[in-house]
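Convention: sequence-line order gives letters A, B, ...; per-chain numbering from 1.
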Amino acid sequence: MGVEEQLRQAIQSALEQLAASGRLPTDALHAVFTVERPKAADHGHLATNVAMTLAKAAKKPPREIATLIQSILQTEPLIEKVDIAGPGFLNVRLRPAAFHQVVADIELAGAAFGRALAGSGERVLLEFVSANPTGPLLISHGRNAIYGDGVGRVLEACGHRVTREYYINDFGNQVRLLAESVRASAKGLPPPEGGYGAAYVKILADWIVAHAPHALEDDAPEGLLSRFCISRMLEGVPGSEELLGIRNTLAALGIYFDNWYSEESLHRWGRVEASLAVLREKGCLVDLDDGALAFRAAEGEDDKDRVIRKNDGKTFTYFASDIAYHADKVGRGYDRLINVLGADHHGYVARLRGAIEQFGFPQDHFEVLLYQLVSLLRDGQPVKMGKRLGNLITIEEVTDEIDAAAGRKGAGADALRYYYLSRRNESPIELDIEVAKKQNLDNPVFYLQYGHARLCAILRRAETVFGLHVPRLTPQLAARLVHPDELAMLQQLGSFPRIVQDAARERAPHKTLFFLQELSQQFQSYFTRLKVEHDAILPQSWLTSEQGWEAKWDRDKTLARLAWVNAIRTVYAAGLGLLGISAPQRMDRPPAPEGVQETDDELDAPAS
RNA sequence: GCGCCCGUAGCUCAGUUGGAUAGAGCAGCGGCCUUCUAAGCCGCUGGUCGUGCGUUCGAGUCGCACCGGGCGUGCCA
């Protein structure tokens, strides 16, 4: 348990005592208050506003309530001092032992530290990405993929059972247009009106000519040619650098789906008609005068009728499929349905909600997580990107370049994940493609990973050079952990479970990222300071070069710090795991760029 | 017109169900490597939190109005 939770419990029991003795009203027990680390160091380790939030209900001035609570808290063995400040804040100083407890929790839980107990959660269907398989995944799709997966990971950490699902729009007009564009390309003709003209269409066409030429003879809308096109878009064209396939692109980002759900199958199995029959039964279908069929949501759900079948009497809109699809989701018995959509779809949410309600699913368990769109720039200029235009920027185009700059496969995926997860989903993003590709060793994601690698390096060196394994933090060793920075970091580690829960509850994986950023900063600052102060964790050569150095060596302090380092490393790795960012055990110093020392010469060189 | 999202340092963004003197990264300037990884550390510079009212002990945070930007308001997906 972190110190925040310990203090929270102490306050709660203090309130119980005060209520029992009649010094506070009984509703004080339900007080809502914060326990937080104050920004100013002289405000102690923790501060709470409990006296202020109670003032109204207790009909007493905040400082008077604060005095009551103070007198009880001061008897707590782990509390050193309690001050009353300002309008009624309680500032609390803790004894070092209060901070040490979290290490035992981390030792016990290991990589599972921060996760909530299993079994307490819900069965969640998380639908995300679901990009049309009529083109490769673009950099803008990356936000959906990475945000959705981040939400999934953090929900899982809180005990929910998450099923990740990708809805494949393999039916209808866009698929037909892709197939026709491929057919045209195979014949050396330009794409049809509204068709696809990007380079990948040619690659698709070449593959089909080489491996399935008979498909070109099939003119049916959902026929062989469409099927081949979709499967190649999903699985990739073997040997092609440009058409890796959506599934492989996602895998390279560390994103895996449990289900790939076909829209076409809904039609093939009559699920669309079946779900419409249910709606007809409920009386929420409307036959329009021109022959079209529309859905009318319950009062207050949506503002107009939405067409399901066009006025030709036979062509279904995408909404028809979505009704059937969501009816199916409801039927599969999940506790919660979550859809991740770009903000450009938000006008669609009301009708979807209206339809789901008709299938008897509780409204407050259906969530649509909207993220704001990514607008692309190239050197500061807006880039217009459409699947029918030529200038597509794929995910690989960006990640490959970062891989190359960092000299490591996967660096680009880590960098992209960091980039998208470092913003709230409501925050619009302007992504300059040239800047993104140039992200080099200054990339903030490497800062995080470097911190982890450093921790690993300490533990590795302890073993290989000194034969020291990470010990359990016994009380004897804990007594050697008193450096204020060490205690502050333990405080930070203790808040991790709370951060994870907040991130899950608010569907805000970026909170984990900012937590780690702060942890990294604390550690790397501490690490350098010890070096300067000649108080390194492991014995240094200035010590070991002397005869009988071991007599001067504070072995317990080293051991205590190893336990401490290992606790940080554990939380670090857990946090990176929640972000889907890799946690390298080693990051060797990159070679110094050549020619750096020559730069002055140019300035000093006499003009010739 | 109406609906949703956003507006915080030069740039990119955090800001814990309203808390004390609003933070970080990048960029800029100045320092720190014979010793556990310098992909690092320390310091400095940088703010009318879009504007104005209101709610209260207290507002970047909540309410209203306005300004500015994005998206939506398709029988496209």
Considering only atom [atom1], compute the distance from [N] to [M] and round it to an integer number of Å.
N: B/U8; M: B/G52; atom1: P; answer: 15 Å
N: B/A14; M: B/G43; atom1: P; answer: 25 Å
N: B/U73; M: B/A39; atom1: C1'; answer: 48 Å
N: B/G63; M: B/G7; atom1: P; answer: 14 Å
N: B/C49; M: B/C36; atom1: P; answer: 46 Å
N: B/U48; M: B/C67; atom1: P; answer: 23 Å
N: B/C5; M: B/G10; atom1: P; answer: 27 Å
N: B/A9; M: B/G23; atom1: P; answer: 14 Å

Strictly below 4.0 Å, N to O, side chains only: are [X] and [Y] in salt-bridge contact?
X: A/Asp302; Y: A/Arg296; answer: no
X: A/Asp414; Y: A/Arg417; answer: no
X: A/Glu506; Y: A/Lys511; answer: yes

Applying a 4.0 Å non-hydrogen cut-off, can you work out what [X] is touching in the nucleic acid: base, sugar-phosphate, or nothing?
X: A/Phe527; value: base
X: A/Val532; value: nothing
X: A/Asn311; value: base
X: A/Asn91; value: base
X: A/Ala453; value: base
X: A/Ala343; value: sugar-phosphate

Starting at atom [atom1] of [X], determine the distance to atom [atom2] of [N], rounded to an integer number of angstrom.
X: A/Phe514; N: B/G15; atom1: CZ; atom2: P; answer: 7 Å
X: A/Tyr418; N: B/A24; atom1: OH; atom2: C1'; answer: 9 Å
X: A/Asp303; N: B/C2; atom1: CG; atom2: C1'; answer: 9 Å
X: A/Asp502; N: B/A14; atom1: CG; atom2: P; answer: 16 Å
X: A/Ile168; N: B/A77; atom1: CD1; atom2: P; answer: 17 Å

Go ahead and name the base partner of [N]; Watson-Crick or wobble counts if both distances stay under 3.5 Å, otherwise write none.
N: B/G52; value: B/C64
N: B/C2; value: B/G72
N: B/C13; value: B/G23
N: B/G47; value: none

**Q.** Distance, nearest 0.5 Å, that separates CD1 of A/Ile537 from CD of A/Glu486
**A.** 7.5 Å

Hey, is the side chain of [X] poking within less than 4.0 Å of OP1 or OP2 on [N], counting only N and O atoms?
X: A/Tyr447; N: B/C41; answer: yes
X: A/Arg561; N: B/C36; answer: no
X: A/Lys310; N: B/G74; answer: no

Would you kindly check whether a donor in the side chain of [X] faces an acceptor in the base of [N], or vice versa, at under 3.5 angstrom?
X: A/His346; N: B/G3; value: yes
X: A/Tyr450; N: B/A39; value: no
X: A/Asn49; N: B/A20; value: no

In terms of ring plane angle, is the pair [X] and [Y] parallel, tilted or perpendicular, where the classes change at 30° and 60°?
X: A/Tyr318; Y: A/Tyr348; answer: tilted
X: A/Phe514; Y: A/His510; answer: perpendicular
X: A/His452; Y: A/Tyr572; answer: tilted

Q. When the ring centroid of A/Phe446 is compared with that of A/Tyr450, is the distance short of 6.0 Å?
A. no

Q: Taking only the side-chain heavy atoms of A/Leu530 (C-beta and beyond), determine which of B/A20, B/C42, B/C36 contains the nearest atom.
A: B/C36

Q) Which residue, A/Arg309 or A/Ile537, contacts RNA chain B at a nucleotide closer to its 5' end, judged by nearest heavy atom? A) A/Ile537

**Q.** Per-pair stack call A/His510 and B/A14, 5.5 Å, 30°
**A.** no

Q. Less than 5.5 Å between centroids and less than 30° between ring planes, does A/Phe89 satisfy that with B/A20?
A. yes

Q. B/C33: syn or anti, with syn meaning chi within 90° of zero?
A. syn

